[in-house]
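Written out below as structure tokens is the structure these notes cover.
All values derive from a computational prediction rather than experimental measurement. Along the sequence shown, the residues carry numbers beginning at 1.
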Amino acid sequence: MLAGELYITDRIQQANREWPGKRLVQRINQLPADDLAGIIALEQKLFAGTHPDLYVQPPFEVDYGKHIKIGNHFYCNANAMFLDTNWITIGDNVKIGPRVNLLTAGHPIDAATRVSLLEFAKPIVIGNNTWLGGNVTVLPGVTIGNNVVIGAGAVVTHDIPDNVVAVGNPARVLREIGEADRQRWQQEAADYWVWREEQE
């Protein structure tokens with residue numbers, strides 16, 4: 001399965017099945033919304049390569065959980081689906097909107113092969129400083145670059161390069177992120193901090 005080759009779910013050895021991760025997510029999703037310490041502590045046990053500033057807003061779902069590597073400063077809004085039948089690798093400073101689907105699992109196009117219960121999974125990689133808007137779906141085998149914005153509702157079927165905004169179904173590069181973007185948003189941030197100091 002992790003090699004990206006065809007497999008049958010029911011033939012996976014019991015010791016390698018998804019149940020520990022699914023049970024842990026059930027516990028997370030049942031905690032009170034304001035029990036942030038409890039939620040984060042369980043999420044640290046669920047994901048690989050996690051850090052103290054990880055937070056995934058419940059409720060969410062995983063297939064295994066242990067096949068998800070997360071970098072520093074990660075936030076994911078509610079109702080995410082991490083279908084990690086292969087590795088999902090997420091870089092630093094990544095933000096994910098609500099109802100986002102990261103789907104490594106796939107099924108053969110040929111119906112005769114598909115109904116024989118054979119399936120496959122391909123890894124997903126998301127680069128540093130990237131933001132996925134609400135309702136984005138990322139399909140098996142996709143790599144999204146660094147400093148990328150994926151617009152709300154996009155379906156990402158192919159790799160996306162660094163430093164772009166991509167939108168649509170299937171997602172396509174709308175434009176590069178450039179110096180004008182940097183200047184605009186850094187000025188707005190500076191104005192905010194001036195206003196904040198004035199309020200205090």
Side-chain angles (χ1 to χ4, degrees), residues 1-31 39 41-50 54 56-71 74 76-91 94 96-127 130 132-145 148 150 153-160 166 168-172:
M1 182 179 75
L2 293 175
E5 298 175 359
L6 291 174
Y7 69 94
I8 296 176
T9 300
D10 292 346
R11 308 246 352 232
I12 296 173
Q13 295 179 2
Q14 194 61 33
N16 296 327
R17 291 302 298 269
E18 68 275 26
W19 306 123
K22 288 190 177 296
R23 286 194 295 267
L24 193 50
V25 168
Q26 282 184 327
R27 288 176 58 196
I28 293 167
N29 289 340
Q30 291 169 357
L31 287 174
I39 291 167
L42 291 180
E43 289 178 353
Q44 292 284 357
K45 294 180 180 179
L46 177 68
F47 300 118
T50 57
L54 156 82
V56 179
Q57 173 73 52
F60 66 98
E61 295 294 335
V62 301
D63 215 356
Y64 289 81
K66 65 182 181 179
H67 301 145
I68 304 169
K69 297 178 185 175
I70 296 175
F74 177 68
C76 178
N77 214 317
N79 294 304
M81 168 62 76
F82 301 93
L83 204 60
D84 61 315
T85 41
N86 207 315
W87 285 100
I88 297 172
T89 303
I90 298 171
V94 171
I96 291 181
R99 293 178 294 279
V100 165
N101 301 298
L102 304 181
L103 310 177
T104 68
H107 301 274
I109 296 294
D110 173 62
T113 306
R114 187 170 60 250
V115 299
S116 71
L117 302 182
L118 286 165
E119 54 190 272
F120 65 90
K122 303 289 185 183
I124 289 172
V125 177
I126 299 171
T130 287
L132 308 185
N135 290 300
V136 166
T137 295
V138 181
L139 296 186
V142 166
T143 294
I144 297 173
V148 171
I150 305 293
V155 179
V156 188
T157 62
H158 295 93
D159 292 354
I160 302 294
N169 180 7
R172 58 179 171 67

From CA spacing to verdict: salt bridge (charged side-chain N to carboxylate O under 4.0 Å, His left out), K22, D63:
CA-CA 7 Å; K22 288 190 177 296; D63 215 356; 3.6 Å; yes
Could I get the full list of side chain to side chain contact (heavy atoms under 4.5 Å, CB included) partners for [X], not counting sequence neighbours?
X	result
N101	M81, L103, T137
H158	none
A78	Q57, P59

In the structure I gave you, are the side-chain heavy atoms of [X] and [Y] within less than 4.5 Å of one another anywhere?
X	Y	result
V56	E43	yes
P123	V142	no
L117	V115	no
N29	P58	yes
D159	I144	no

side-chain contact (heavy atoms from CB on, under 4.5 Å), that's the test. Do V155 and L139 meet it? Break it down for me.
CA-CA 7 Å; V155 179; L139 296 186; 4.2 Å; yes
Between K69 and I90, is a side-chain contact (heavy atoms from CB on, under 4.5 Å) present by the stated rule, with each step listed?
CA-CA 6 Å; K69 297 178 185 175; I90 298 171; over 6 Å; no
Which residue is it: T89, I160, L132? I am looking for the one with a side chain to side chain contact (heavy atoms under 4.5 Å, CB included) to I126.
L132
I need the single residue from F82, F47, W87 that forms a side chain to side chain contact (heavy atoms under 4.5 Å, CB included) with H67. Which is it?
W87
Stepwise side-chain contact (heavy atoms from CB on, under 4.5 Å) check, I96 with L102
CA-CA 10 Å; I96 291 181; L102 304 181; 4.2 Å; yes
Neighbour count >12 (heavy atoms, 6.0 Å) for atom CZ, R114
yes
Which atoms form the tightest heavy-atom contact between K66 and A48, and what is the distance?
O-CB, 3.8 Å
